[in-house]
Novice: 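I have a structure I would like to understand better, so I am pasting it below and will then ask my questions one at a time.
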Amino acid sequence: MLDINLIRNHPEFVAGKLSHKGFEVDFTAFLEQDRQRRQLIKQTEDLKAEKNKTSALIPKMKKEGTDIASVLADMKKISDAVREGDEQLALLEQKQNSFLASLPNLPADDVPAGGKENNQVIKISGEKPSFSFSPRHHVDLVEATGLIDYARGAKLGGSGFWIYTGDGARLEWALLNFFIAEHLQDGYQMLLPPHILNYSCGYTAGQFPKFEEDVFQLKRDDKESFTHFILPTAETALVNLHRDEIIDTDRLPLKYFAFTPCYRKEAGSYRAEERGMIRGHQFNKIELFQYTEPDHSEAALEELVHKAANLVEKLGLHYRLSKLAAGDCSAFMRKTYDIEVWIPSMNDYKEVSSASSAGDYQARRGNIRYRDKVTGKPAFAHTLNASGLATSRIFPAIVEQYQQEDGSILIPEVLQPWMGGQRIINA
RNA sequence: GGAGAAGUAGCGAAGUGGCCGUAACGCGCCGCACUCGAAAUGCGGUUGUCCAGCAAUGGGCACGUGGGUUCGAAUCCCACCUUCUCCGCCA
């Protein structure tokens, strides 16, 4: 949610920033309606003030034995007028809110305008592995070594699901353990949230109402619309932790991380070159999250990016770090860095972590505040998130980048302690 | 799944149709006084949001949420949410 005052005072500025995301909007009609709405508020509130004044007099008049029949009749009229005004206002407000809720976040000043093609590569870490043999696709490798059972995964859940088996399950678990240990060491608090969330959670995160179709919806009994959904990322849970709260400023920044599977419908987005586990309906992810004061969010984003990149680096994987152009950021983010790991078989980099600052956009939607130390007044906090990390692309990257000529796979050193010292997955 | 109880400020809690929502009382917190200092005590302060206004200020709204009854609702009625207790079932 954007600050309505910013739109009132600088509509061209806001429209300009939004156009950097490829979102064209004209605020003229909106602002006119806003003026009308406020005028109506004034009118209705004046009526209410009159009503309150008279209402206070009635018991006194009663006591004095004054005939109040005419007063009561007047009150009835005022009440009706108030009700009519309130009804109109509710309608206007609903219209206004759904318009405001549909606006994306403004990109930060240092975010380049335009789409994907304007993403800026900031850093490339390591080098593309070169093989003295012809490297195999991770799907071939994991099936040959029995790490993943795609066929039975599809039997159980359908296409887009797989089963980690044997060393594959252990490798997956080792990754998660490695991430968790790192985040604990950095002072982040670990959470295991519910995987089923109510509608408000999706709204606060910015996913609803626009992306309702992307999640698995749960209908309750005979209800027509869905009230709950299965979370598409732990971010959706984490951003709602402090919804409708005023956070004790001394506790900021709040640093959390959570492990959850992520459940996504991703309807129609499956592509042939993404066979395997690049894009599934369920994947595991550790999500990092911070609540900060506005002054500290820039530094917090850098910290999150650094943490995520550090994990990939410690795994010894070749990756690149990019700052996304405005149009490639999520609608509700003001700035996003992507960490993409090299997948040899795809001859491409695939996202393993997206580190973003939402600024106060999510905080406005979820009414997440802290008390400003200078003014003593509540103010909107900033929220930031980063994957740390999603395993579904790290896993294939490890398998492909660490594959040996005989089809065996070396286990990255940092994971070995989490696999009982095992160093290699044999062909 | 069944039965019952409850939701009021940071916390506890009073209020059962108008004299009660900057909401009694208690705790906490902040300031001041007393003190060498502290404790104790005393005095004062301590919700959020919206509208108008440069401001001072004035006004509206909020007693879990949403409706309803009424001139008037924390209070009466309906639905929903959450929590607790008991019973049943259960990993």
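Chain naming here is simple, since letters A, B, ... match the order of the sequence lines and numbering starts at 1 in each.
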Novice: Is A:D250 paired with A:R371 through a side-chain N to carboxylate O contact shorter than 4.0 Å?
Specialist: no
Novice: Counting only Watson-Crick or G-U wobble pairs whose two distances fall under 3.5 Å, which nucleotide matches B:A79?
Specialist: B:U65
Novice: Counting just side-chain N and O atoms, does A:R371 come under 4.0 Å of either OP1 or OP2 of B:G10?
Specialist: no
Novice: According to the Watson-Crick and G-U wobble definitions, with both distances under 3.5 Å, which nucleotide is paired to B:G31?
Specialist: B:C43
Novice: How close or far is atom C1' of B:U49 from atom CZ of A:R369, stated in whole angstroms?
Specialist: 8 Å
Novice: Provide, to the nearest angstrom, the distance between the CG atom belonging to A:D80 and the P atom belonging to B:G72.
Specialist: 9 Å
Novice: Round to a whole Å and report the spacing from CZ of A:R38 to P of B:C61.
Specialist: 20 Å
Novice: Under a 3.5 Å cut-off for both contacts, is B:G53 paired Watson-Crick or G-U wobble with anything, and if yes, with which nucleotide?
Specialist: none
Novice: So does A:G115 get a backbone contact from the side chain of A:D328, meaning a donor-acceptor N/O pair under 3.5 Å?
Specialist: no
Novice: Roughly how many Å is it from CG in A:N52 to C1' in B:U70, rounded to a whole number?
Specialist: 15 Å
Novice: What is the distance from CZ of A:R37 to C1' of B:C50, rounded to the nearest Å?
Specialist: 9 Å
Novice: Does a side-chain N or O of A:N367 approach OP1 or OP2 of B:U49 to a distance below 4.0 Å, or not?
Specialist: no
Novice: Counting side-chain heavy atoms from CB outward, which of B:C71, B:G48, B:C51 is closest to A:K42?
Specialist: B:C51
Novice: Kindly point out which of B:G18, B:C50, B:U69 is positioned nearest to the side chain of A:E45?
Specialist: B:C50
Novice: Considering only B:U49, B:C71, B:U69, which nucleotide approaches the side chain of A:R83 most closely?
Specialist: B:U69
Novice: Indicate, with yes or no, if the rings of A:F229 and A:F208 have centres closer together than 6.0 Å.
Specialist: yes
Novice: If the cut-off is 4.0 Å, is A:R8 near the phosphate of B:C51, judged by side-chain N/O to OP1 or OP2?
Specialist: yes
Novice: Measure CG/A:N97 against C1'/B:U49 and give the value in whole Å, please.
Specialist: 14 Å
Novice: Looking at the side chain of A:S55, which of B:G72, B:C51, B:U47 is the nearest nucleotide?
Specialist: B:G72
Novice: Ignoring the backbone of A:A49, work out which of B:U69, B:C51, B:G60 is nearest its side chain.
Specialist: B:G60
Novice: For a quick test of reading the model: is some side-chain N or O of A:T54 closer than 4.0 Å to OP1 or OP2 of B:C71?
Specialist: no
